[in-house]
Undergrad: 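Sending over a structure as structure tokens; questions will come in a sec.
The basis for the numbers below is simple: all heavy atoms, side chains too, and nothing from hydrogens, waters or symmetry mates.
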Amino acid sequence: MADLDIHLSALDRCRTAIKKAAGQYQETLTERNPGELTYDADGEVHNNRTPVSADTFGHLPGSAGLASAANSVWSALIGEMDEARKKLAGTERGLSDVEENIRAAHRATS
């Protein structure tokens, strides 16, 4: 059982580290983002923030294009960060399932 405890402890440390990383993504998405996040029926994230305005860049001929590009970059960043958060959360759940399956298998063979 001591060998098994070492492996279970390693799984638990991995799961804890993954949970922490997922929490950091969640914190960034919710506390450092200048908008409220909502999710559609497909689970896609939408950032409800005030878009960057062309006026932000002054009255230059390319201001509207620059503002549009800035909004696109921000939306892509939010989407990627949310995907990373989801994948880390899924990995954490998977490690919990692995640990439970190992424990069940050990109980069945003991």
Undergrad: Only counting residues at least two apart or in another chain, list the ones meeting side chain to side chain contact (heavy atoms under 4.5 Å, CB included) with Val73.
TA: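 Applying side chain to side chain contact (heavy atoms under 4.5 Å, CB included) to Val73 gives none.
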Undergrad: How long is the gap from OG1 on Thr16 to CD on Glu92, to the nearest 0.5 Å?
TA: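 Nearest 0.5 Å value for the OG1-CD distance: 8.0 Å.
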Undergrad: For Gly79 and Val45, which heavy atoms make the closest approach, and how far apart are they?
TA: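 So the two residues come closest at CA-CG1, 3.9 Å.
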Undergrad: Please report the shortest heavy-atom distance between Ala22 and Ala89, naming the atom on each side.
TA: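 Heavy atoms only, the tightest pair is CB-N, 4.3 Å.
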Undergrad: Provide the full list of salt bridge (Lys or Arg N to Asp or Glu O under 4.0 Å) pairs with a residue in residues 11-30, sequence neighbours left out, each pair given once.
TA: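 Residue pairs passing salt bridge (Lys or Arg N to Asp or Glu O under 4.0 Å), neighbours aside: Asp12-Arg15, Arg15-Glu99, Glu27-Arg32.
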Undergrad: Return each pair, listed once, that meets side-chain hydrogen bond (donor to acceptor under 3.5 Å, both in side chains) where at least one residue sits in residues 63-77; pairs must be two or more places apart or across chains.
TA: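 Pairs touching residues 63-77 that pass the test: Asn33-Trp74, Arg49-Asn71.
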Undergrad: Which other residues end up in the same hydrophobic cluster as Leu66, if Ile, Leu, Val, Met, Phe, Trp and Tyr are linked when side-chain heavy atoms come under 4.5 Å apart?
TA: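 Besides Leu66, the cluster holds Val52, Phe57.
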Undergrad: Could you pull out the closest heavy-atom pair between Met81 and Leu29, with the gap in Å?
TA: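 Shortest heavy-atom contact: CB-CD2, 3.9 Å.
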Undergrad: At what distance, to the nearest 0.5 angstrom, does CZ of Arg85 lie from CD of Gln24?
TA: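 Rounded to the nearest 0.5 Å, the CZ-CD separation comes to 14.0 Å.
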Undergrad: Nearest 0.5 Å please: distance from the OH atom of Tyr25 over to the CD atom of Glu80.
TA: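 CD of Glu80 is found 9.5 Å from OH of Tyr25.
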Undergrad: Give, for atom CG of Leu37 and atom CD1 of Ile78, the distance between the pair rounded to the nearest 0.5 Å.
TA: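 If I round to the nearest 0.5 Å, the distance is 6.0 Å.
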Undergrad: So, does Asp40 use its side chain to make a donor-acceptor pair with the main chain of Gly43 at under 3.5 Å?
TA: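 Pair found, side chain donor or acceptor close to backbone of Gly43.
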Undergrad: Regarding Arg93 and Asp97, does a basic nitrogen lie under 4.0 Å from an acidic carboxylate oxygen?
TA: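 Looking at Arg93 and Asp97, the cut-off is not met.
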Undergrad: Are the side chain of Thr91 and the backbone of Lys87 linked by a donor-acceptor contact shorter than 3.5 Å?
TA: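 Yes, the answer is positive, given that a donor and an acceptor are paired below the 3.5 Å cut-off.
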Undergrad: Among all residues two or more places apart in sequence or in another chain, which pass the side chain to side chain contact (heavy atoms under 4.5 Å, CB included) test with Asn101?
TA: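 Once residues adjacent in sequence are excluded, Asn101 has no partner under the side chain to side chain contact (heavy atoms under 4.5 Å, CB included) criterion.
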Undergrad: Partners of Glu100 by salt bridge (charged side-chain N to carboxylate O under 4.0 Å, His left out), sequence neighbours excluded?
TA: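 Counting only residues at least two positions away or on another chain, Glu100 forms a salt bridge (charged side-chain N to carboxylate O under 4.0 Å, His left out) with Arg107.
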Undergrad: For the CG atom of Leu60 and the CG atom of Asp55, what is their distance to the nearest 0.5 Å?
TA: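 Answer for the CG-CG pair, Leu60 versus Asp55, is 11.0 Å.
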